[in-house]
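Note: hydrogens, waters and symmetry copies are ignored here, and every other heavy atom, side chains too, is used.
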Amino acid sequence: MKKLAILMLVILTTASCSKANTPVETKAAGPTNVLVVINDNSATSKEVGAYYAEKRNIAEKYIVHIKCPEIERISTSDYPTQIEKPIKEYIRKNGLKIDYIVLTKGVPFATTKHYSVDGLLACMDGELDHHKVEGPLVNPYFDKNEHFSHDKFGLYLVTRLDGYTKEDAKALVDRALAARPNKQVFLLDIDPNRYKPGYKEYNDDIRKASEILKARGFGVTLDTTEEFVGKRNNLMGYCSWGSNDRYFDKEKYRGNRFLPGSIAETAVSTSGRTFVPTEEGQSLIGDLIKTGVTGVKGYCSEPTLAAIASPSILFDRYVSGYNLAESFYMASRCIYWKDIVVGDPLTAPYAKEAEKG
């Protein structure tokens, strides 16, 4: 955890000073700017990909089939040829204008160099040499307050449909489609024992998120005690230190229940290190997916605390009407790194509310 505080004092200044945004003019993303990636060597990937495409009415033209091992971590030397190259060539060959890429369970999520596949694909138009370039890179979309465009920012917003089982992955799609602009409740849990520079700033950012949400009329539970709070129902948002909280309670963490459209983040270094249920190591985002969250961010290996999504930016953008992918990426300082965003990128339960505003 000591590494987590690196750069935090400098980088978190922007997040802690963020003001609540007014609702945005919505711009609906749809089947013509989303590319679905299916690994033909994985029956699970094919099933999840087909399910998503059907539910979102995505044409075959916007589905790319690759062939790579059905493993969690792919060789760093195999990643460019087996994953990135076929995707880039498919986009070019078909003249597709893509903003979002959706990976499916069965597509590797990390390389043996411990970078996320998702993070590398987000930057694949940059012609980076994956054997020489060291991350993280600065995210040009961080802390923006505008809808995303690949043409403007030079990135792709990459998310994945994943979880412990294919049913978990498919449930993410169902929850996205069922999402409604519910104003209850956002559970935010500070660890008051983290008062040193770097850690304190993240606690302050959680407080900032609480202020923004309350000002908008959302129900918020902000816990500032040493107790690890959990086993709460009907959550639309969640943020905590997870297993890095001194008083972490696994039963309470796994006991949270979420509403369709809910999103979450935890300040945990390896929360996305595997999508295989395990009792060992740090808390996993897979547990939150299992208990109903619609979108969540995790990390395949140590990212430093600076890479954890800013809760004040994340929740502010989301309830302002931005979609799931936009909100997580605007809240994230780093690209070409360890980040994994899970969920349907088009999830936007508050978009209609923004139109009314």
Side-chain angles (χ1 to χ4, degrees), residues 1-12 14-15 37 72-77 79-80 83-84 87 100-103 107-144 148 150 153-160 162 198 201-202 205 242 244 264-275 282 284-285 295-311 313-314 324-343 345:
M1 275 298 295
K2 289 184 177 179
K3 290 184 178 179
L4 281 176
I6 297 175
L7 302 180
M8 204 59 186
L9 280 172
V10 176
I11 298 177
L12 261 181
T14 305
V37 180
E72 292 197 322
R73 296 175 186 268
I74 190 169
S75 164
T76 300
S77 60
Y79 160 78
I83 297 181
E84 182 173 304
I87 295 175
Y100 304 91
I101 296 176
V102 179
L103 307 177
V107 174
F109 62 78
T111 69
T112 51
K113 192 179 179 180
H114 305 302
Y115 284 51
S116 73
V117 166
D118 313 43
L120 298 181
L121 285 174
C123 304
M124 66 181 177
D125 272 3
E127 303 298 334
L128 298 172
D129 186 332
H130 303 292
H131 298 283
K132 297 180 181 179
V133 176
E134 296 292 332
L137 302 180
V138 175
N139 177 10
Y141 193 49
F142 172 64
D143 203 21
K144 297 299 182 183
F148 178 78
H150 169 71
F153 293 100
L155 306 172
Y156 295 103
L157 301 191
V158 182
T159 71
R160 66 172 48 239
D162 219 322
E201 283 70 25
Y202 195 78
D205 200 27
N244 284 325
E265 172 64 300
T266 60
V268 178
S269 307
T270 61
S271 58
R273 67 187 179 279
T274 183
F275 287 96
Q282 294 183 309
L284 292 168
I285 59 172
V296 63
K297 191 162 182 263
Y299 307 87
C300 62
S301 65
E302 172 62 71
T304 77
L305 187 55
I308 307 296
S310 160
I313 298 175
L314 173 63
L324 183 151
E326 290 173 320
S327 301
F328 275 108
Y329 275 84
M330 279 189 279
S332 302
R333 302 163 188 83
C334 304
I335 51 176
Y336 199 80
W337 198 223
K338 316 296 183 72
D339 310 49
I340 299 171
V341 177
V342 176

J.: Please confirm whether the backbone N or O of Phe109 pairs with a side-chain atom of Ser116, one donor and one acceptor, at under 3.5 Å?
T.: no

J.: Indicate the atoms forming the closest heavy-atom contact of Gly272 with Ile340, along with that distance.
T.: O-CD1, 3.7 Å

J.: For Phe275, is there any backbone N or O sitting under 3.5 Å from a side-chain donor or acceptor partner on Glu72?
T.: yes

J.: Can you list the residues that meet the side-chain contact (heavy atoms from CB on, under 4.5 Å) rule with Ala110, with sequence neighbours excluded?
T.: Arg73, Cys300

J.: Is there a donor-acceptor contact under 3.5 Å from the side chain of Thr159 to the main chain of Gly343?
T.: yes

J.: Is a side-chain N or O of Asn244 found less than 3.5 angstrom from the main chain of Ala267, in a donor-acceptor match?
T.: yes

J.: Mind checking the CZ-CG spacing from Arg333 to Leu137? Nearest 0.5 Å is all I need.
T.: 15.5 Å

J.: Would a 4.5 Å heavy-atom cut-off, applied to side chains only, mark His114 and Arg273 as touching?
T.: no

J.: I need the Thr111 OG1 to Tyr79 OH distance, nearest 0.5 Å.
T.: 9.0 Å

J.: List for me each residue that meets ring pair (Phe, Tyr, Trp, His ring centres under 6.0 Å) alongside Tyr156, sequence neighbours excluded, and say none if there are none.
T.: His150

J.: When the ring centroid of Tyr141 is compared with that of Tyr329, is the distance short of 6.0 Å?
T.: no

J.: Where the side chain of Ser75 meets the backbone of Ser77, is there a donor-acceptor pair that is under 3.5 Å apart?
T.: yes

J.: For Ser269 and Tyr299, which heavy atoms make the closest approach, and how far apart are they?
T.: O-CB, 3.2 Å

